[in-house]
Structure formats: structure tokens, C-alpha cells
Amino acid sequence: MKNIFFVSIIALCFTSCNLQNKSKIELLTLQSQVFKNERLLRVYLPADYNGIKSFRVLYLNDGQHLFESDKLHQKEDWRVDEITDSLIKQGIIEPLIIVGIDNIGTTNRGDEYLPWEDIYLNPPIPNPKGKMYPDFIINEVMPLIESNYKIKKGKENVGIGGFSYGGLIAIYTAMKKPDHFGFLLAETPSLYVNDNQILKEAQKSSNGWPARIYFGVGTNELGLKNCEENNADNRMAVSDIRDFISIINNNKCDTKTEFNIVKCATHSFEEASKRLPKALEFLLN
């Protein structure tokens, strides 16, 4: 049965908008049949978007934390709009559309972002719904965006990404739906979940990977007072990504990877925003 979407589009220009570039953010309301709930999609449109020319698109999880315009409502944000405006203005990347997909709230966020239970989460979620997320993206989010905006055809023009749990589910989605994504942004992804199950899944997968994958991480993900890079969990955050890259390379595919490790950086959107220019430049060029 064909999915039914309830859509409202609101064009917004917040006080933090770059008025010189005139990029804007539009809000779409999506009623999900996969998860039986409602959320906002926050659509960043570059300055020269006119509804005629088509653009590449990057889908990012945790939509509430992406844009400077939402800072009044969130403790921290990824500054995606501000950084993208700057990179476009400098000619470092070509203009693109960025879709922020709201999570369902801090308390329940893991229910959609976890394909498997995370025993370290307090309180734990015994039966998370993350395995449904790829279908949510492919069958609900992407059709809605493609019906309202001019998107370039071909998977090489479509990316997905996220931070922490959002990075984990972005990797999982790209792995399960390889025919839909040409680039992947994984900021401090939670690869440890369920005894590194995502690495085990990757080893068994023969579906291929996006052409470009960017990983970012700090050496003090735990935020310990004296950095303590040799702490076991801090070292694991880095080594898990190295292991994941090795798995991708051993698949003998044409994927290019970039791994940005920042000394003593902690697990936060603020630190991720400092790495974002390098991530977008690598993925989009």
C-alpha cells in the first residue's frame, strides 16, 4: 500500500541566518507509518536554490541539533548551516541540500537509532526499532524530499550521516541500502553497541559501501578531566573505527575513507562542528 504523508512546509529565516548568502531552512512535517509517530524534517536550501536546478542532498540524523537557528531550543548544535554557507561562499564545496531528520526526543532517541540493545544505556531499551530505520529513510523520508525539492538523480548524489547513535544508524542504513547512498558521514559513531555488532555485520556484508566515507573522533570521548587518551574506552573509540576501515578495505571495493582524529576532543556536537568543514570537503569533492 502506498505511504501517505501529511506535509506542511514553512520557510523560515531565523536571526542566525546568513542574510548575505540568503540560505534558508524549511520545515516539513512527516507522519511516519513505519514508526507510527510524527516529526519535523529541517531542510537547508542553499542561496541559489530556485526550484529549477537540481542539487545533491545529504540526510543527517538528530535534526534538532544541526542548525544554528535552533540554538535557542538546544544546548548545543552542529552549526551545519553556518559552516555549509561558509564553504559554499569560499568555493570549497558546491551548493547542496541538507535534510535534518528530527529524532523523537532525548529520552527515546535510542529506540529508533539502535538496531540492537545497548546494555550501557541507562535505562536500557530491550527491543529497539533501529532495524526499521533504513525503510523509514528509503520509503518515507526520501520520497517526501524528492517530491518537494529538486534532487539530482543517482546514488552518487545522495549521502547520509549522523553523530554518535545517529552515526551508528547512518552506517547501518548505508550498509543495508547500498544502492541509495554514495557518501557517508559518521561522527564518533557508537560502534561498541552489542559487542561491536556493526563490525560483525560489516564483515559478513558483500553489498558494497558508499564511494566516500568520513569518520571523525576525539581521543577523549569520555570527557575525562586530564584527557587520559590511554583510558581503555577512549582508546576503543579510536580503534573501533580503525577496525571498521580495515573491514571496508578488505572488501576490495573502491571506497575512499577519511579518518579525522583530534587530540583530546570530547564527545559533543561542538567538537564535531570543528571537524565538519574537513568532512564536507572530503565527501563532496
Side-chain angles (χ1 to χ4, degrees), residues 1-7 9 26-44 54-64 66 96-104 108-116 127-163 165-187 189-190 193 197-198 201-202 204-214 248 253 255 283-284:
M1 183 175 70
K2 188 176 292 185
N3 288 326
I4 301 173
F5 301 101
F6 298 90
V7 185
I9 302 178
E26 292 187 350
L27 304 183
L28 280 70
T29 301
L30 169 62
Q31 187 74 36
S32 172
Q33 294 186 28
V34 172
F35 290 121
K36 309 301 181 186
N37 58 27
E38 180 181 288
R39 78 199 60 224
L40 286 179
L41 304 183
R42 303 165 193 261
V43 185
Y44 165 91
S54 296
F55 292 83
R56 302 175 85 181
V57 60
L58 171 60
Y59 295 92
L60 292 177
N61 298 316
D62 289 311
Q64 301 100 315
L66 299 186
L96 78 157
I97 293 171
I98 299 176
V99 180
I101 307 163
D102 274 20
N103 62 51
I104 55 171
N108 298 316
R109 174 173 173 261
D111 191 36
E112 293 183 354
Y113 286 177
L114 287 169
W116 313 280
N127 298 295
K129 304 181 183 70
K131 290 181 181 179
M132 300 162 61
Y133 204 78
D135 286 333
F136 164 69
I137 294 291
I138 300 303
N139 297 325
E140 296 190 331
V141 176
M142 292 176 68
L144 178 58
I145 295 301
E146 291 167 0
S147 66
N148 283 282
Y149 301 100
K150 299 290 288 185
I151 305 298
K152 283 186 176 181
K153 303 296 183 182
K155 73 172 188 177
E156 67 275 10
N157 295 309
V158 182
I160 190 169
F163 169 87
Y165 278 176
L168 171 65
I169 200 61
I171 293 171
Y172 182 83
T173 300
M175 182 173 64
K176 295 299 181 180
K177 303 290 184 179
D179 294 335
H180 291 81
F181 302 102
F183 51 102
L184 168 64
L185 194 166
E187 262 293 345
S190 305
V193 170
Q197 184 64 35
I198 191 69
E201 296 273 332
K204 296 184 293 183
S205 176
S206 59
N207 295 330
W209 292 95
R212 287 181 178 243
I213 304 178
Y214 170 92
I248 293 171
C253 55
T255 297
L283 293 172
L284 298 171

Next on the checklist: Has S32 got a side-chain atom pairing as donor or acceptor with N37's backbone, closer than 3.5 angstrom?
Outcome noted: no
Item to check | Interatomic spacing from CG in L185 to OH in Y59 - rounded to 0.5 Å | outcome: 15.5 Å
Checklist entry - Quick one: side-chain hydrogen bond (donor to acceptor under 3.5 Å, both in side chains) partners of Y165, sequence neighbours excluded? => result D118
Checklist entry - Which pair of heavy atoms, one from P210 and one from T255, lies closest together, and at what distance? => result O-OG1, 2.8 Å
Checklist entry - Is the shortest heavy-atom distance from the side chain of I101 to the side chain of I137 under 4.5 Å? => result yes
Item to check | Inter-residue atom distance L66.CG - Y44.OH, 0.5 Å rounding | outcome: 12.5 Å
Checklist entry - With side chains defined as the heavy atoms from C-beta onward, is the minimum distance between N61 and N103 less than 4.5 Å? => result no
Item to check | Interatomic spacing from NZ in K129 to CG in N108 - rounded to 0.5 Å | outcome: 8.5 Å
Checklist entry - Pairs in or reaching into residues 169-179: which pass side chain to side chain donor-acceptor pair (under 3.5 Å), with residues at least two apart or in two chains? => result D135-K177, K176-E201
Checklist entry - Would E38 and T29 satisfy side chain to side chain contact (heavy atoms under 4.5 Å, CB included), going step by step from the backbone distance to the final call? => result CA-CA 7 Å; E38 180 181 288; T29 301; 3.5 Å; yes
Checklist outcome for this item: Between the CG atom in L96 and the CG atom in L283, the distance rounded to the nearest 0.5 Å is 10.5 Å
Checklist entry - Can you tell me how far OH of Y133 sits from CG of L168, rounded to the nearest 0.5 angstrom? => result 11.5 Å
Checklist entry - Distance from R56 atom CZ to I97 atom CD1, nearest 0.5 Å? => result 12.5 Å
Checklist entry - Just wondering, do I138 and F181 contact through their side chains at under 4.5 Å, heavy atoms? => result yes
Next on the checklist: With a 4.5 Å cut-off on side-chain heavy atoms, are I198 and V193 touching?
Outcome noted: no
Item to check | Check: N148/E26 side-chain N/O donor and acceptor closer than 3.5 Å | outcome: no
Next on the checklist: Test: salt bridge (Lys or Arg N to Asp or Glu O under 4.0 Å). Region: residues 147-156. Which pairs qualify, not counting sequence neighbours?
Outcome noted: none
Next on the checklist: If the condition is side-chain contact (heavy atoms from CB on, under 4.5 Å), which residues does D102 pass it with, not counting sequence neighbours?
Outcome noted: R39, L40, R42, Q64
Checklist entry - Taking only residues two or more places apart in sequence, or in another chain, which ones meet R109 in a salt bridge (charged side-chain N to carboxylate O under 4.0 Å, His left out)? => result D62
Next on the checklist: On a heavy-atom basis, which atom in G167 and which in P189 lie closest, and how many Å separate them?
Outcome noted: C-CB, 3.9 Å
Item to check | Where A170 and G162 come nearest, the two heavy atoms and their spacing | outcome: CB-N, 4.0 Å
Item to check | Side-chain heavy-atom pair V57, N157 within 4.5 angstrom cut-off | outcome: no
Next on the checklist: Do L58 and F183 make a side-chain contact, defined as non-hydrogen atoms from C-beta onward lying under 4.5 Å apart?
Outcome noted: yes
Checklist entry - Taking the side chain as C-beta and beyond, is there a heavy-atom pair between L30 and L28 under 4.5 Å? => result no
Item to check | By side-chain contact (heavy atoms from CB on, under 4.5 Å) - contacts of A202 (at least two apart) | outcome: M175, W209, F244, I247
Item to check | Within-4.5 Å side-chain heavy-atom neighbours: F35 and E140 | outcome: no
